[in-house]
There are 2 protein chains.
Amino acid sequence: MFDPLAGDSGTGTLTIAEAAAATGVSTHTLRYYERAGLMRDPVARATSQHRRYSADDIRWVTFLTRLRTTGMPIREMARYARLAGAGEGNEAERLALLTEHRRRVLERLDEVQRNLAAIDKKIAVYQERIDR
Amino acid sequence: MFDPLAGDSGTGTLTIAEAAAATGVSTHTLRYYERAGLMRDPVARATSQHRRYSADDIRWVTFLTRLRTTGMPIREMARYARLAGAGEGNEAERLALLTEHRRRVLERLDEVQRNLAAIDKKIAVYQERIDR
DNA sequence: CTAGGACCTGGAGCGCACTCCAAGTCAAAA
DNA sequence: TTTTGACTTGGAGTGCGCTCCAGGTCCTAG
């Protein structure tokens, strides 16, 4: 049976399946992200060697998904994770990374919007052709 | 040497290299798109068997790039190309395809914008932490 | 006549981000 | 004690969209 506290001794952590449910990424992907160096530090383990995700881990993964959804490559996320995992002192570098990402996202958004506008025109043409 | 009219007899068509320059996609990709069934009809050939792109082909490829840039998968572009290549009578279906694409693009734009807003907050936090 | 360069083809290779597999471990229920 | 099922691992496989390769043809310039 499913036991949310299995091996957890009531410390409020989540199993990988629960973390997957909480973040919306698959368990496969959670392991993949860890292997790819996206977790700052390796996820904690129960005595059974099973992963135990803290609330902080969940928040981190959630932020990772925001970076992914906006198109940041895994390599760059790994770089950001390395910086974040190194502790204080590199905030400027982290800021630069995020700011540059933001710039690219806005650029891309603009490109998509411009292309969508052209598609909209085509749609209007079909619409009119059909209405007649 | 480069000769824009090579084998062209002045019919105003473009070689694959020129078509690539005109549309911004590589010659590799132009051939790939044709193989993938994205060209409605096979591109015309000179007697040398070299491709000759018409102004209409160029416009079509340009539109294809708009679909691609906005995230339409090649499979769906192929479906659209099949409809467009079949001549008149399926305008409603083409319209539905484009309209559905448009809906998904807007959905995706919204998702990206929401996630970018969350990243912006993080940027603001770093900005403030550094300003102090 | 030869060399160069743009083009042709089928098919292989690549980078990315997962996604899955096989064989094994572990804890708890039956 | 056996079974169940969630988990573990390293590594293989997948789908996508190109991108490139090898070997060949054709046309033009020298």
Side-chain angles (χ1 to χ4, degrees), chain A residues 1-10 13-39 42-53 57 61 64-81, chain B residues 1-10 13-39 42-53 57 61 64-81 104 108:
Chain A
M1 248 313 273
F2 168 67
D3 176 1
L5 294 178
D8 167 69
S9 307
T13 59
L14 302 185
T15 67
I16 194 167
E18 292 165 335
T23 60
V25 315
S26 74
T27 58
H28 293 305
T29 300
L30 285 173
R31 293 194 197 95
Y32 166 67
Y33 278 6
E34 191 172 344
R35 271 196 272 186
L38 265 46
M39 290 307 288
V43 175
R45 301 296 179 120
T47 53
S48 60
Q49 290 300 98
H50 290 194
R51 290 174 179 80
R52 290 293 176 266
Y53 290 82
D57 288 332
V61 173
L64 289 180
T65 64
R66 297 195 193 290
L67 295 179
R68 273 303 297 136
T69 304
T70 52
M72 184 182 287
I74 298 288
R75 280 169 116 51
E76 197 171 345
M77 288 166 61
R79 214 185 117 224
Y80 182 68
Chain B
M1 247 316 271
F2 167 69
D3 177 1
L5 293 180
D8 167 72
S9 307
T13 59
L14 303 184
T15 67
I16 194 167
E18 293 166 333
T23 59
V25 316
S26 73
T27 58
H28 293 305
T29 300
L30 285 174
R31 292 194 198 94
Y32 166 65
Y33 278 7
E34 191 173 343
R35 271 196 270 186
L38 265 48
M39 291 307 288
V43 175
R45 302 293 179 123
T47 52
S48 59
Q49 289 300 100
H50 290 194
R51 290 174 180 80
R52 291 293 177 266
Y53 290 81
D57 288 333
V61 172
L64 288 180
T65 65
R66 298 197 192 290
L67 295 179
R68 273 302 299 138
T69 305
T70 52
M72 184 182 286
I74 300 287
R75 279 169 121 43
E76 197 171 345
M77 289 166 59
R79 213 186 117 225
Y80 182 67
R104 283 191 308 249
R108 172 100 184 101

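Being a predicted model, the structure only gives us computed values, none of them experimental.
- By the side-chain contact (heavy atoms from CB on, under 4.5 Å) test, A/Ala44 is found to be paired with no residue, residues two or more places apart in sequence or in another chain being considered.
- The listed nucleotides are D/dG17, D/dT19, C/dC7; the one nearest the side chain of B/Ser26 is D/dT19.
- Rounded to whole Å, the distance from CD on A/Gln49 to P on C/dT25 is 13 Å.
- B/Arg68 meets the side chain to side chain donor-acceptor pair (under 3.5 Å) test with no other residue; sequence neighbours excluded.
- What you find for A/Ala20 and A/Leu30 is that their closest heavy atoms are N-CD1, 3.6 Å.
- Applying the side-chain contact (heavy atoms from CB on, under 4.5 Å) rule to B/Thr29 yields the partners B/Val25, B/Ser26, B/Tyr33; only residues at least two apart in sequence or on another chain are considered.
- Between C/dC20 and A/His28, a contact under 4.0 Å exists linking OP1 or OP2 to a side-chain N or O.
- A/Arg75 pairs by the side-chain contact (heavy atoms from CB on, under 4.5 Å) definition with nothing, not counting sequence neighbours.
- To the nearest angstrom, P of D/dC7 lies 11 Å from CG of A/Leu14.
- Atom pair A/Arg52:CZ and C/dA27:P shows a separation of 11 Å (rounding to whole Å applied).
- For A/Arg45, the listed nucleotide lying nearest its side chain is D/dT9; candidates were C/dT19, D/dT9, C/dA6.
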Pair B/Met39-B/Asp57, side chain to side chain contact (heavy atoms under 4.5 Å, CB included): steps then yes or no: CA-CA 8 Å; B/Met39 291 307 288; B/Asp57 288 333; 4.3 Å; yes
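- Under the side chain to side chain donor-acceptor pair (under 3.5 Å) criterion, B/Glu76 pairs with B/Arg104, sequence neighbours left out.
- Neither OP1 nor OP2 of C/dC7 sits under 4.0 Å from any side-chain N or O of B/Arg51.
- Partners of B/Ala22 under the side-chain contact (heavy atoms from CB on, under 4.5 Å) rule, at least two apart in sequence or in another chain, are B/Leu14, B/Ile58.
- Near DNA chain C, meaning a heavy atom under 4.0 Å away, the residues from residues 70-77 of chain A are A/Pro73, A/Ile74.
- A/Thr69 pairs by the side chain to side chain donor-acceptor pair (under 3.5 Å) definition with nothing, not counting sequence neighbours.
- Residues from residues 31-38 of chain A placing a heavy atom under 4.0 Å of any atom in DNA chain D, listed by number, are A/Arg31, A/Arg35.
- Between D/dC7 and A/Thr15, a contact under 4.0 Å exists linking OP1 or OP2 to a side-chain N or O.
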